[in-house]
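Read the structure below first, then the notes.
Just follow the structure's listing: the first ligand is 1, and inside any ligand the first atom is 1. Below, all heavy atoms of this structure are taken into account, side chains as well, without hydrogens, waters or symmetry copies.
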Amino acid sequence: MAVTRTFSIIKPDATRRNITGKVTAMLEAAGLRVVASKRIHMTKEQAEGFYGVHRERPFFNDLVAFMTSGPVVVQVLDGEDAVALNRRVMGATNPANADAGTIRKELAESIEANTVHGSDSEENAAIEIAFFFKDSEIVG
Ligand code: CMP
């Protein structure tokens with residue numbers, strides 16, 4: 001299996017609880033390598049653009065409000081089949097359905113405050129990485 005790249009966000013519920021290190025440690029323990037990382041406070045425009053595919057969903061406005069409610073940590077992660085590996089360690093979107101040992105089962109507060117975002121495909125990972133990072137900011 002080849003080393004590939006994915007995109008991750010450590011969400012405001014995690015920065016608020018000061019557990020970004022704990023989340024990153026779980027990503028690293030799963031075999032992912034942080035090759036870019038920065039703490040930002042997303043603007044409303046950034047959150048609306050990033051989550052544009054969800055614009056028609058009933059939870060869209062709440063999602064944008066939550067993602068702009070505090071700082072986040074955006075990260076680029078490398079690993080063996082990184083998109084799938086990251087989704088395994090994150091667990092199901094709703095922490096109530098997540099497997100034991102996953103980030104969302106162990107740390108998430110709710111389906112909205114679910115601690116982490118991870119790309120759902122390599123194609124979207126490339127788009128999401130380019131949304132937040134210049135090539136020069138990624139050091140593998
Ligand atoms: P994320 O992977 O960041 O992508 C979209 C987010 O919408 C998702 O994680 C959830 O945190 C959030 N969300 C909020 N409410 C819902 C819902 N009812 N169904 C799915 N996702 C939701």
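- In this structure, Val116 is not a member of the same hydrophobic cluster as Phe132, with clusters built from ILVMFWY side-chain heavy atoms closer than 4.5 Å.
- A ring-centre distance under 6.0 Å is not found for Phe7 and Phe131.
- Annotation: atom 3 (O) of ligand 1 to nearest protein heavy atom, Tyr51 OH, 2.5 Å.
- The protein heavy-atom contact nearest to atom 10 (C) of ligand 1 is Ile111 O, 3.2 Å.
- Residue-ligand proximity: Lys11 is placed with a non-hydrogen atom under 4.0 Å from ligand 1.
- Per-residue contacts place Asn114 under 4.0 angstrom from the following atoms of ligand 1 (heavy atoms of the residue considered): 9 (O), 10 (C), 11 (O).
- Annotation: atom 2 (O) of ligand 1 to nearest protein heavy atom, His117 ND1, 3.1 Å.
- Atom NZ of Lys38 has more than 12 heavy atoms from other residues, nucleotides or ligands within 6.0 Å.
- Listed by number with element, the atoms of ligand 1 under 4.0 angstrom from any heavy atom of Leu63 are 6 (C), 7 (O), 12 (C).
- Under the 4.5 Å side-chain criterion, counting only non-hydrogen atoms from C-beta, Ile10 is in contact with Thr24.
- Contacts with ligand 1 closer than 4.0 Å are made by side-chain heavy atoms of Arg104 only, the backbone lying farther away.
- With hydrogens left out, the protein atom closest to atom 21 (N) of ligand 1 is Phe59 CZ, 3.6 Å, a heavy atom.
- Salt-bridge check for Asp78 with Arg33: failed, with every basic side-chain N at 4.0 Å or more from each acidic carboxylate O.
- Looking only at atom types and distance, the side chain of Ser119 has no donor-acceptor partner in the side chain of Asn124 under 3.5 Å away.
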